[in-house]
Amino acid sequence: MRELSVTESVPEDVVALVRDARRVVVLSGAGISAESGVPTFREVQRGLWERFSAEELATPDAFDNDPALVWTWYRWRQSLIDAVEPNAGHRCLAAWQEHLSAQHGWLAVVTQNVDDLHERAGAEVLGHLHGSLAAHRCADCGEPAELPAPRYDGFTAPPTPEDPPGCESCPDGVLRPDVVWFGEMLPAPAFDAAAAAIRAADLVVVVGTSGIVQPAASLPLLGLERGIPLIEINPEETGLTEVMDFAIRGRSGEVLPRLLSAAGVPTGRR
Ligand code: APR
């Protein structure tokens with residue numbers, strides 16, 4: 001593994017990997033949305049949730065114990081996502097995807113994020129491994145439900161928790177966000193599609209994830225087994241750093257524009 005700093009010029013072997021790749025998988029995590037103003041999962045929380053870590057709220061047990069607290073947390077996070085914009089990192093990936101597809105290649109975005117910032121930057125997402133904040137379903141019968149956007153101010157935590165709405169398809173069910181909580185199964189189609197894309201890729205780029213939440217963190221290992229080059233973009237060391245060929249230390253909104261422009265990938269139109 002070679003560690004590179006964002007301040008040094010990108011070495012030619014890294015540039016060549018990006019320039020020559022035709023089939024790319026990008027695995028993203030909360031860090032890619034950090035520069036848009038979305039807190040990552042390991043940051044301290046405020047307001048109603050200051051006593052809880054994100055990991056404590058993102059569980060079936062937390063929802064069973066206090067549905068209003070967990071429901072309101074997710075609705076508030078959704079309102080925060082609605083209030084922010086994609087950043088340069090999201091936009092670069094969309095531009096790279098467009099560039100490769102114009103050359104009969106492809107770039108598959110696989111994300112652990114439940115936000116829609118990749119899509120709003122213009123990228124097509126192959127898989128949301130942990131579901132989506134904007135989707136809801138009944139916690140009992142599983143029936144999907146459409147809800148209007150939350151009415152919170154995304155920047156100020158609401159003062160009181162709000163109960164989740166009841167399900168219209170079964171008598172006792174209440175709605176929950178259609179996201180994957182700790183201990184729950186990932187959606188098999190998204191995971192299988194991600195695994196297949198990695199097996200077919202000639203470059204895997206891992207951006208903004210701590211690489212500790214399984215099974216998503218195991219996906220780059222499929223690339224490792226096949227000798228596919230792996231690049232990490234993250235300001236800090238992660239659970240996946242040791243298997244990487246290159247770890248570029250910096251924020252994705254700075255590293256991606258530099259890396260892509262060094263490799264001749266046009267990023268300026270977005
Ligand atoms: N650019 C790139 N990476 C960044 C940036 C940035 N500007 N800012 C922070 N990071 C990195 C951090 O160094 C960290 O490694 O983003 C990572 C964020 O880690 P987590 O919060 O653990 O996010 P993630 O890896 O996506 O979490 C995985 O855990 O709770 C669950 O389901 C939730 O999808 C989430 C999963």
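Here, residue 1 is the first one in the sequence, and each next residue gets the next number. If you're wondering where the values come from, they're calculated on a predicted model, not measured in any experiment. Both ligands and their constituent atoms are indexed starting at 1 by order of listing.
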Below 4.0 Å from any atom of ligand 1, which residues have a heavy atom? Give them in chain and number order, please. Gly29, Ala30, Gly31, Ala34, Glu35, Thr40, Phe41, Arg42, Gln112, His130, Phe182, Gly208, Thr209, Ser210, Val213, Asn234, Pro235, Glu236, Arg251, Ser252
Asn113 (side chain) donor-acceptor with Ala30 (main chain) under 3.5 angstrom: yes
Is it true that, when you exclude Glu242 itself, more than 12 heavy atoms of the residues, nucleotides or ligands shown sit nearer than 6.0 Å to its CD? no
Tell me if the CD atom of Glu56 is crowded by more than 12 foreign heavy atoms within 6.0 Å. yes
Provide the full list of side chain to side chain donor-acceptor pair (under 3.5 Å) pairs with a residue in residues 219-239, sequence neighbours left out, each pair given once. Glu232-Thr238, Glu232-Thr241, Glu232-Arg249, Thr238-Thr241
Walk me through whether Phe246 and Val205 qualify under side-chain contact (heavy atoms from CB on, under 4.5 Å). CA-CA 10 Å; Phe246 298 98; Val205 182; over 6 Å; no
Establish, from distance only, whether the side-chain atoms of His90 and Ser33 form a donor-acceptor pair under 3.5 Å. yes
